[in-house]
Each structure stands twice: as structure tokens, then as C-alpha cells.
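The structure under discussion appears below in the form of C-alpha cells.
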Amino acid sequence: MRKPLLSLVAVLGLAACATEPMLGPPPPPPSGPVAVSIPANIAASLSDPSRPAADMIRDKDRHPGEVLAFAGVRPGAKVADLIPGGGYFTRILSKAVGPKGRVYAYVPDELTKLAKREPAVNAIARDPAYPNVTVILNTLPNFAAPEKLDLVFTAQNYHDMHDKFMGPADLSVVNRQIFKALKPGGVYLVIDHSAPAGTGLRHTEDLHRIDSAVVKSEVTAAGFIFEGESKVLRDPADARTANVFDPAIRGKTDQFVYKFRKPSSAR
């Protein structure tokens, strides 16, 4: 579970963009942690000298290149990083979409009720190295962006939205808002720690895990098409019974990477 907390950075309305999403054609889902061709824009974002050294160390476990290649992120894309935490993916997305793209770091106002300090992602939005990053502060059920999006991305946070400190949020409402915010053909990418099959929402609070079948059911109920899974973060060595913050398993959990697409005929 991440603990990102922030203040609002005013968001100016941008000119309407084309309805074609700035995402590449869907690559075939990797069948395991195998070599994946990383597009040049994503490779360059990973070697960005502005990234903290601590983030780069985490790359070997988080496989951001393979994940964003699977999402199909291209230069010029408009992206929402939903619940960005410390901004690990925010920085990478910023450089991957480039100066013609935009990254909206969306922080739920539910989290600010727990805040006692300046959130890390605000510093990224103020950093001249990341001029295309804007922070949005609003509640989860009001999820929206000032322009239609190519991608809504959330990593290790979907389970949090079911937890008490988030309301809990009504995911049927949240997912419909995400659907509405995307361009026709846009992508919703969900990464999370997996719980044993059949456990549903039982372990979102105690283990910070979620049954992947629940995610698939909830997201497709909002109108999305399930397009596939990247298995780059799967780890059969994880019994999926330990809290994800347990030192014995932290950073090595079994995670699913699910890709959903808004139908091109939808509006």
C-alpha cells in the first residue's frame, strides 16, 4: 500500500486532443519474465539522469520498461498516474510521453485526510525536469482529467480503494469514471499484489493483496474489454499468504499486470 499525500496543483484546461489514443498497438502478452523489446522512448525514460538512484535500484524488481511497453505508451500520450505514491512511475511516464505528452498525478482526497506532510509527488510537479506533470487532488468517485486520456495507470493501489481508509470507495463508480475519462480505445492498466484465487476482497486490509478475478470482474463491469496480462511480475515462489510489507517477501511479491481497453466505439 502506498501512502502518497498531497496538495492541489491547479489544472488548466487544455485544448481537446484527437480521439485516437497515443498508445501503440497491443503487443502480445508476455508468457513470463522473458525479454521484451523496449521502445526507445521508454528506454530513454529509464536512463533519465533526473531519476533518484533509489528508484533505479528498484527497476530490477519492478520491470518498468516491460510494463510500460505492454501498456503501449508512446510520445505525446496523455496519462493519469492514479495514486502515484512517491512518483516512481510518474517520473518514468513523464519522460516516456515527452514534451508533447502530459502526466496527471491523481491523488485521492481521501488520502489527504491522513496527511501531515507535503506529498512527494508535489515536488516532482515543481521540478523543472518534469514540466509535463500536473497534480490533481480530488476524491476517487470524482476521478477526471481536463482532457481525454490515452492511459490510466495504477500500480499496487487497486486493493487500497476497497479499504476503510478510502471510504471504502465504490469501485463501480470509480471504474465508470475512469472509463469516461479515457479516449475511445484508451487503456486502463492495473498492477497489484495477488491474493490466493477465490479469496475475493478478504485480504485487501490485512495482507494488502487482492484476488485478480475480482479486479477483472469489476473493471469489465464498467464497460472495459480485458485485453490480456503481462506475466513479467509473476513470482510462483510467493505463497501469497504473507503481508506484502513482510521483509521476507517485500519487493518480491507475485503481482498481476492486467490490461483493459475502452472499446473504440464507446464515447
L207 reachable from L201 in the ILVMFWY side-chain graph, under 4.5 Å edges | no
K100 side chain to A77 backbone, donor-acceptor under 3.5 Å | no
Are the side chain of K259 and the backbone N or O of F70 linked by a donor-acceptor pair below 3.5 Å?
-> yes
Using atom types as modelled and distance alone, determine if a side-chain donor or acceptor of Y106 lies under 3.5 Å from a backbone N or O of L140.
-> no
D109 vs T139, side chain to side chain contact (heavy atoms under 4.5 Å, CB included): CA-CA, chis, key distance, verdict | CA-CA 5 Å; D109 194 38; T139 65; 4.0 Å; yes
Where the side chain of D254 meets the backbone of D238, is there a donor-acceptor pair that is under 3.5 Å apart?
-> no
With a 4.5 Å limit on heavy-atom distance, are the side chains of P64 and F89 in contact?
-> yes
Begin with the C-alpha distance, continue with both residues' side-chain angles, and end with the deciding distance and a verdict on salt bridge (Lys or Arg N to Asp or Glu O under 4.0 Å) for K252 and D61.
-> CA-CA 7 Å; K252 305 289 184 181; D61 292 326; 3.0 Å; yes
Residues that P52 engages under side-chain contact (heavy atoms from CB on, under 4.5 Å), provided they are two or more places apart | D55, R91
Which heavy atom of I38 sits nearest a heavy atom of A43, and at what distance?
-> CG2-N, 3.7 Å
Could you tell me whether R51 and D59 have a side-chain N and a carboxylate O separated by less than 4.0 Å?
-> yes
Side chains of V135 and N122: does their closest heavy-atom pair fall under 4.5 Å?
-> yes
Among K183, R102, R74, whose side-chain hydrogen bond (donor to acceptor under 3.5 Å, both in side chains) with D150 holds?
-> K183
Kindly work out whether a path of hydrophobic side-chain contacts (I/L/V/M/F/W/Y, heavy atoms less than 4.5 Å apart) joins I249 to L233.
-> no
Do Y158 and V219 have side-chain heavy atoms sitting under 4.5 Å apart?
-> yes
Please identify each residue that fulfils side-chain contact (heavy atoms from CB on, under 4.5 Å) with N41, with sequence neighbours left out.
-> P39, P75, A96
One should read off an interatomic distance between L171 CG and Q177 CD, to the nearest 0.5 angstrom, of 12.5 Å
Are the side chain of R267 and the backbone of S264 linked by a donor-acceptor contact shorter than 3.5 Å?
-> yes
Heavy-atom pair of closest approach, residues T90 and P84 | OG1-CB, 3.4 Å
Within a strict 4.5 Å, meaning less than it, do heavy atoms of the F153 and L68 side chains meet?
-> yes
Should Y130 and D48 count as side-chain neighbours, where that means a heavy-atom distance under 4.5 Å?
-> yes
Between N132 (side chain) and S94 (backbone), is there a donor-acceptor pair under 3.5 Å?
-> yes
Backbone N or O of G185 within a donor-acceptor pair of the R261 side chain at under 3.5 Å?
-> yes
Write down the atom of A144, the atom of I136, and the distance for their closest heavy-atom approach.
-> O-CD1, 3.8 Å
Could you grab the distance from atom CG of D211 to atom OG1 of T199, nearest 0.5 Å is fine?
-> 4.5 Å
Would F226 and I178 show up in the same hydrophobic cluster when neighbours are defined by side-chain heavy atoms closer than 4.5 Å?
-> yes
Per side chain to side chain contact (heavy atoms under 4.5 Å, CB included), I191 is matched among V257, T154, N157 by V257
Just do the side chain to side chain contact (heavy atoms under 4.5 Å, CB included) check on V103 and V97 with the steps written out, would you?
-> CA-CA 8 Å; V103 178; V97 302; 4.0 Å; yes
CG on L151 to CG on L182, rounded to 0.5 Å | 7.5 Å
Intermediate values then yes/no, side-chain hydrogen bond (donor to acceptor under 3.5 Å, both in side chains), H63 and Q255 | CA-CA 12 Å; H63 296 280; Q255 298 174 57; over 6 Å; no
Criterion side chain to side chain contact (heavy atoms under 4.5 Å, CB included) against V67, the qualifying member of V232, I42, I92, V73 | V232
Could you tell me the separation between the CZ atom of R176 and the CZ atom of F143, rounded to the nearest 0.5 Å?
-> 15.0 Å
What is the minimum heavy-atom distance between I210 and H159, and which atoms define it?
-> CB-CB, 3.9 Å
With respect to F260, which candidate in T220, N175, V152, V187 satisfies the side chain to side chain contact (heavy atoms under 4.5 Å, CB included) definition?
-> T220
Let me see the working for L82 and M161 under side chain to side chain contact (heavy atoms under 4.5 Å, CB included), right down to the final yes or no.
-> CA-CA 11 Å; L82 175 57; M161 294 189 268; 4.3 Å; yes
Taking the side chain as every heavy atom from C-beta outward, state whether T253 and R209 have any atom pair closer than 4.5 Å.
-> yes
Rounded to the nearest 0.5 Å, the CD atom of E218 sits from the CZ atom of F224 at a distance of 12.5 Å
Which atom of A80 lies closest to which atom of L149, heavy atoms considered | CB-CD1, 3.7 Å
Sequence neighbours excluded, the answer for ring pair (Phe, Tyr, Trp, His ring centres under 6.0 Å) partners of F256 is Y258
Any side-chain heavy-atom pair from K164 and T204 closer than 4.5 angstrom?
-> no
Does a side-chain heavy-atom distance below 4.5 Å link V133 with Y104?
-> no
Check whether any side-chain N or O of D163 sits under 3.5 Å from a backbone N or O of F165 as a donor-acceptor pair, and report yes or no.
-> no
Does K262 make a cation-pi contact with Y188, if we ask for NZ or CZ under 6.0 Å from the ring centre and within 45° of the axis?
-> no
Do the ring centers of H208 and H193 come within less than 6.0 Å of each other?
-> no
Nearest heavy atoms of F245 and R250, plus distance in Å = CD2-CZ, 3.6 Å
